[in-house]
Protein chains: 2
Amino acid sequence: MLTDRQLLILQVIIDDFIRYGQPVGSRTLSKKEKITFSSATIRNEMADLEELGYIEKTHISSGRVPSEKGYRYYVDHLLSPQRLTQEDMRKIKSIFAERIYELEKLVQKSAQILSDLTSYTSIVLGPAVKDNKMKRIQIIPLNKETAVAIIVTDTGHVENRVITIPASVNASDLEKMVNILNERLIGVPLIELKDKIYKEVADVLRTHIYNYDSMLKTISETLDVPQEEKMFFAGKTNMLSQPEFSDIQKVRSLMTIIEQEKDFYRLLRKNSKKGIQVTIGRENQLSGMENCSLITATYSVGEEQLGTIAILGPTRMEYSRVITILNRVASDLSTALTDWYQNS
Amino acid sequence: MLTDRQLLILQVIIDDFIRYGQPVGSRTLSKKEKITFSSATIRNEMADLEELGYIEKTHISSGRVPSEKGYRYYVDHLLSPQRLTQEDMRKIKSIFAERIYELEKLVQKSAQILSDLTSYTSIVLGPAVKDNKMKRIQIIPLNKETAVAIIVTDTGHVENRVITIPASVNASDLEKMVNILNERLIGVPLIELKDKIYKEVADVLRTHIYNYDSMLKTISETLDVPQEEKMFFAGKTNMLSQPEFSDIQKVRSLMTIIEQEKDFYRLLRKNSKKGIQVTIGRENQLSGMENCSLITATYSVGEEQLGTIAILGPTRMEYSRVITILNRVASDLSTALTDWYQNS
DNA sequence: TGTTAGCACTCAGGTTGTTCGAGTGCTAAA
DNA sequence: TTTAGCACTCGAACAACCTGAGTGCTAACA
């Protein structure tokens, strides 16, 4: 186990490194207020800390730099709690300044403000459409072959897609079907729609509609709702200002990951456990993210978890500040949404 | 005026520089097949070309590099026409491989393929929603205060927004109004909707609907259609692979512009004259784009111009190839869309 | 008169050597 | 156990030097 003094030194090293981005030497440390012993003592302790894997040297006679293990320990045990400034609070409140009517807009704005506050990149995983409840289905013919299918949910979200209509289906049948669907399916979560149709509505349809079979295809096309939550980015270019990304190679590999979205989405889903999650450097298991840390928090309505907000920054990230901010935004977001859902 | 020999030299210099990205010296030039005279002669000619402002030196004893004026002349007079390879043609055709049902998807795919083909960044300005014609309006109440307003256009595009409903408006009035709007406004371009309402539909509404005045707000909220075309990017990170962007500063300022979208949109609109438009370096009048050129082409249905496709690359760009590709894609896109509009 | 060979000159970029400062580890004394 | 002192290491910054690619100019040539 680490001694108290070692912990102190580890903490001060990481704090300093996060602040200035330069390897920290024993002399610098000895000048810190909290540190009452000499640089030689510090050197001895640092040698031990290095042997244990918490800090590293960039070259043989350099100051020390936190290792991933060091950051991990720091995040788990050494974080000094932060208070938000007035200014920070003001910005966070500004997310909710206007009355919200659309979830997506709110979520997008949150991402924007988060990246503003932190100067890192922020990512928000939006509420999953698949959990919204059906409010209304509408099919509007465009011409002989095609129509627009529209599904409105209880949250005001609108899903729409262009579908093909089999030649054998006529307009009145279509209308009848839409009516039946609207009668039977209100309040059903979108993800369950397809299931429900086959189990409960099929019989009714068969008796009322002549062309039931050829209509099946149309129905299932219509109800093909995207499974995945939308991902909103803000401040993608913020990372370019971080000194660790002065190397164009690193920038490229990171940007490629962000641009691809798919792998990144999966990574975010993995982290979507409740509360604050921190993954550091290679813990992310995505090449190109070796120098990055990801901090995620979840927001919810009542007990139901709705989505994830996250900050992507360099491993040398202001963990404490970011965690405080994320916590705050996530909880404010949850409160606002719970309110909103109750009133609608 | 430039002599034929000077033109030849200018052309070969630019061709070579575009290919290899290195300043071109007289010795290198003298070895080219097309060039039959000695390096000393070339040096004399280059001195003249430099004096006239077509080429520049990077330092006192370096080879020559095209100036913006040089590129401008090259693009206007010296482009050697290119033929597309089989592979290029195949990729372009793949845009139209699947039957298209939604304009936006097609346009997005075009952007993707364009950036693939060129390794530059591509931007597509989508068809303006405001020119689409009204097919159906729908207002679906969510709760006492709010409703979703949906406008479907003849192209299958769906616009939707959440609106507030004044307490004084009741459901049946709302329904009545929607019916009247649907009767009177089918086929009207979205941009004209608001106008039309006040001029032609207002009277009908006033006589049929009790709560006309308080409903005005609802109507105008509903019909507030975005004026601007959507902008689709593809290959944003491609620029990172260009050697001229090995400097992180340049990358940052360029990315910031791309990220902002607003200025960029305006720039693209300025270039939306018919045919191929090339703006080189500072001609773009956007700081951060000094090292970039923008090539745009427009696509249309029949005579009506619908949107713009563009390639953003370094000034040292393969103008000839890009122009050929853009021309091709724009014309194929126009043909496909004209077809599509006729059949619907 | 236009073209070319030759030559002196310039400069970027790579290599090498040097110095400086920040840092280390080790040892011996407190 | 802590600390002062010292020898040592290394990176970064800098100057000196060399090389190669390139230029401009001049004088001779066709």
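Convention: sequence-line order gives letters A, B, ...; per-chain numbering from 1.
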Q | Steps toward side chain to side chain contact (heavy atoms under 4.5 Å, CB included) verdict (T121(A), I311(A)) | A | CA-CA 6 Å; T121(A) 302; I311(A) 294 288; over 6 Å; no

(Q) One character per nucleotide, please: for nucleotides 8-30 of chain C, 5' to 3', B when the base has a protein heavy atom closer than 4.0 Å, S when only the sugar-phosphate does, - otherwise. (A) --BBS---------BSBB-----

Q) When you check the gap from the basic side-chain N to the acidic O, do K236(B) and E259(A) get nearer than 4.0 Å? A) no

Q) Between L49(B) (CG) and dG22(D) (P), how many Å, whole number? A) 17 Å

Q. Atom OH in Y319(B), atom CG in D76(B): separation rounded to 0.5 Å?
A. 11.0 Å

Q) When the C1' atoms of the five terminal pairs at each end define the local axes, what inter-axis angle does the helix from dT1(C)-dA30(D) to dA30(C)-dT1(D) show, to 10 degrees? A) 20°

Q. Whole-Å distance between dG2(C) P and R5(B) CZ?
A. 10 Å

Q.
Using a strict threshold of under 4.0 Å (side-chain N to carboxylate O), is an ion pair present between E290(A) and K250(A)?
A. no

**Q.** Between C1' of dC10(D) and CD of Q22(A), the distance in whole Å
**A.** 15 Å

Q: Rounded off to whole Å, could you give me the CD1-to-P distance for the I13(B) and dG22(D) pair?
A: 12 Å

Q: Sequence neighbours left out, what passes ring pair (Phe, Tyr, Trp, His ring centres under 6.0 Å) with F264(B)? Give chain and number order.
A: F233(B)

Q) Should N327(B) and T324(B) be marked as a side-chain hydrogen bond (donor to acceptor under 3.5 Å, both in side chains) after you check the CA-CA gap, both sets of side-chain angles, and the distance that decides it? A) CA-CA 5 Å; N327(B) 254 328; T324(B) 313; over 6 Å; no

Q. Starting at OH of Y20(B) and ending at C1' of dG22(D), how long is that distance when rounded to a whole Å?
A. 19 Å

Q) Salt-bridged, D88(A) to R328(A), with N to O below 4.0 Å? A) no

Q: Inspect the contact between R5(B) and E45(B) and indicate whether a charged nitrogen and a carboxylate oxygen are less than 4.0 angstrom apart.
A: yes

